[in-house]
Amino acid sequence: MLRRLLVLGLAITIFASQAIWVTFSPASSLIASELGVRKEAVGMLAITFPTLFLILTIPSGLLLDRNFKKWLTIGVIATGLAGILRLAFPRDYSWLFACQVLAGVGQPFLLNSFAPLASRLYPERKETIVSILSFSMYLGIIYALGTGRWIYKAHGLYGLLLPIALVSLLGLVLYGYASMKIEMPEVKVERSVIAEMREVASIRELWLLGIILGLGVALFDNMSIWLETVLANVELGDVAGPSVALSLILGLAGVAVIPTIITRRSKRTMYIRGVTLFGIIVYGLLAVKTTRLGTLTLIPAIGLLMLPAYPIIMEWISTFYPKRIHGSASGFIGFVSRIFTVALAMVAVVFIGSPHSYFAFLASLTMIALIVSLLLPRDK
């Protein structure tokens, strides 16, 4: 029972973390006016997350390997406090930015915990636990993107922040109670940090998976941050949040079913290649012609197939690598992936002037991911 309660508390906190990340993105242009800042400044609130993840993902992975319970708890506390404290000064951009930084610090400890938590608490059901945590991660983004614009228009900035604050408090309480009662199995790590990182960095697969994951995450990060701004150029800004949210909803359905099927049949590589090819087609079509119907159908279609790749890659780590490097391997993949995420989130500013240039940019990123996936081993 305590194991389930701990996983539930962690899942709720992960939900809150992702909701905090993109709270303002669905109504960025409107919120910018209220706060008295440029819309790019509101976008920067979201960019803090991938930036801090890039800086902290490797250290967080190493720390999780050495004292999993302690550092995961720190990540949960940072996230919970950030979600709650935003209510103190909801119209102060500097305060919101500080809370965003606090939540961004907690995020790497949460996201790098998937593989080590699954292998420690539920070694017999690793793929299930990874899928549950991935499910909560995507659900948090869905909630924020799907409801953010409507809640803001109906209830203002305070109303936008309040539900996330309550969820943050609930996750903090549930996880805190369970973690005080449960003994978390630890894996003894005798090697030095440098030796461990040399071992992880020498694994070619991790580089390839990191690049593929980075390009995939960059696609959704870009759409979460900039899609409303891009589509506003052709008076379609109101479909940005719903289209990405629907993409994530369908992705949740995919996460619930696809990873188990793919991993049990050892078709991980084939799946990743197929999804990237489909992504090239989707973004290419949107680049040629961007319509309301096309945006609301094609973006959700890519979400259905692309989002399950994340738990598949996390399960890849927990299955094919020893427990003692699960945290550092997750952190290393996160580091490689976030280099792309942060860089491309910044570079995307050059292409947000029109849907044609923006979706052509996303199609080119997906093409690179397909090329890299061809270097993965075929039998996994």
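On a predicted model such as this, the values are computed, not experimentally measured, just so you know.
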Report the distance from atom CE of Met223 to atom CG of Leu362, rounding to the nearest 0.5 Å.
6.5 Å

Pick one: which of Thr13, Ile12, Ile77 meets side chain to side chain contact (heavy atoms under 4.5 Å, CB included) with Leu172?
Ile77

Find the distance between CG (Leu56) and CD (Gln107) and round it off to the nearest 0.5 Å.
10.0 Å

Over 60° means perpendicular and under 30° means parallel, so classify the ring planes of Phe49 and Trp21, tilted if in between.
parallel

What closest approach, in Å, do Thr269 and Ser373 show between heavy atoms, and which atom pair accounts for it?
CG2-O, 4.3 Å

Would Thr73 and Tyr175 satisfy side chain to side chain donor-acceptor pair (under 3.5 Å), going step by step from the backbone distance to the final call?
CA-CA 8 Å; Thr73 300; Tyr175 176 89; 3.0 Å; yes

Closest approach of Leu64 to Leu72 (non-hydrogen atoms, all atoms of both residues):
CD2-N, 3.7 Å

Parallel, tilted or perpendicular, as decided by the 30° and 60° cut-offs, for the rings of Tyr143 and Phe15:
tilted

Between Arg86 and Ile20, does the side-chain contact (heavy atoms from CB on, under 4.5 Å) criterion hold? Intermediate values first, please.
CA-CA 10 Å; Arg86 292 196 301 178; Ile20 291 169; 3.9 Å; yes

Just by modelled atom types, is the Leu374 backbone N or O under 3.5 Å from a matching donor or acceptor in the Arg273 side chain?
yes

Joint cluster assignment, Ile280 & Val372, ILVMFWY side-chain distance < 4.5 Å:
no

Applying the side chain to side chain contact (heavy atoms under 4.5 Å, CB included) test to Tyr271, which of Ile261, Thr263, Ile262 qualifies?
Ile262

Side-chain heavy atoms nearer than 4.5 Å, only ILVMFWY residues, links allowed to pass through others: does that put Ile312 and Ile132 together?
yes

Distance (rounded to the nearest 0.5 Å) between Thr48 OG1 and Leu102 CG:
11.0 Å

Would a distance-only check, ignoring hydrogens and angles, find a side-chain to backbone donor-acceptor pair under 3.5 Å from Ser247 to Ile299?
yes

side-chain contact (heavy atoms from CB on, under 4.5 Å), that's the test. Do Leu5 and Leu174 meet it? Break it down for me.
CA-CA 7 Å; Leu5 192 62; Leu174 291 179; 3.9 Å; yes

Taking Ser179 for the side chain and Gly176 for the main chain, is one N or O donor matched with an acceptor at less than 3.5 Å?
yes

Check Leu96 against Leu161 and note the closest heavy-atom contact, atom names and distance.
CD2-CD1, 4.3 Å

Interatomic spacing from CG in Leu62 to CG in Asn67 - rounded to 0.5 Å:
13.0 Å

Whether His155 and Trp150 hold their rings parallel, tilted or perpendicular, with breakpoints at 30° and 60°:
perpendicular

Should Leu117 and Phe68 count as side-chain neighbours, where that means a heavy-atom distance under 4.5 Å?
yes

Got a second to check how far Phe24's CZ is from Leu160's CG, nearest 0.5 Å?
6.5 Å

Check whether any side-chain heavy atom of Thr57 lies under 4.5 Å from a side-chain heavy atom of Leu111, and answer yes or no.
no

Any Met44 side-chain heavy atom under 4.5 Å of Gln100 side chain
no

Leu285 and its side chain to side chain contact (heavy atoms under 4.5 Å, CB included) partner, picked from Val282, Val288, Ile281
Ile281

Pairing residues for Phe361 by the ring-ring contact (aromatic ring centres under 6.0 Å, His included) criterion, not counting sequence neighbours
Phe351

What verdict does the side-chain contact (heavy atoms from CB on, under 4.5 Å) test give for Phe109 and Val76, after you've listed the backbone C-alpha separation in whole Å, the side-chain angles of each residue and the deciding distance to 0.1 Å?
CA-CA 8 Å; Phe109 295 98; Val76 170; over 6 Å; no

From Ile58 CD1 over to Phe335 CZ, what is the distance, rounded to the nearest 0.5 angstrom?
5.0 Å

With sequence neighbours left out, what residues match Arg292 under salt bridge (Lys or Arg N to Asp or Glu O under 4.0 Å)?
Asp238

Write down the atom of Leu375, the atom of Leu208, and the distance for their closest heavy-atom approach.
O-CD1, 3.6 Å

What I'd like to find out is whether the side chain of Ile74 reaches to under 4.5 Å of the side chain of Leu63, using heavy atoms alone.
no

Decide side-chain contact (heavy atoms from CB on, under 4.5 Å) for Thr290 and His356; before the verdict, give the C-alpha distance in whole Å, the side-chain angles of both, and the deciding distance to 0.1 Å.
CA-CA 8 Å; Thr290 306; His356 171 74; over 6 Å; no

Treat each ILVMFWY residue as a node, draw an edge where side-chain heavy atoms are under 4.5 Å apart, and state whether Tyr310 and Val257 are in one component.
no

Under a single-linkage definition using a 4.5 Å side-chain heavy-atom cutoff for Ile, Leu, Val, Met, Phe, Trp and Tyr, are Met306 and Ile258 assigned to the same hydrophobic cluster?
yes

Please find the pair of heavy atoms, one from Leu87 and one from Ala165, that lie closest to each other, and give the distance.
CD1-CB, 3.5 Å

Within the 4.5 Å heavy-atom criterion, are Leu236 and Pro355 side-chain neighbours or not?
no

Ile368 reachable from Ile339 in the ILVMFWY side-chain graph, under 4.5 Å edges:
yes

So, do Asn233 and Ser354 sit near enough that their side-chain heavy atoms are less than 4.5 Å apart?
no

Mind listing the closest non-hydrogen atom pair of Ala16 and Ser168 along with its distance?
CB-OG, 3.5 Å

Is there a donor-acceptor pair under 3.5 Å between the side chain of Trp316 and the backbone N or O of Leu206?
no

Phe332: what forms a ring-ring contact (aromatic ring centres under 6.0 Å, His included) with it, not counting sequence neighbours?
Trp207

Tyr283 vs Leu365 side-chain heavy atoms within contact, under 4.5 Å:
no

Phe53 side chain reached by Ser60 side chain, heavy atoms, under 4.5 Å:
no

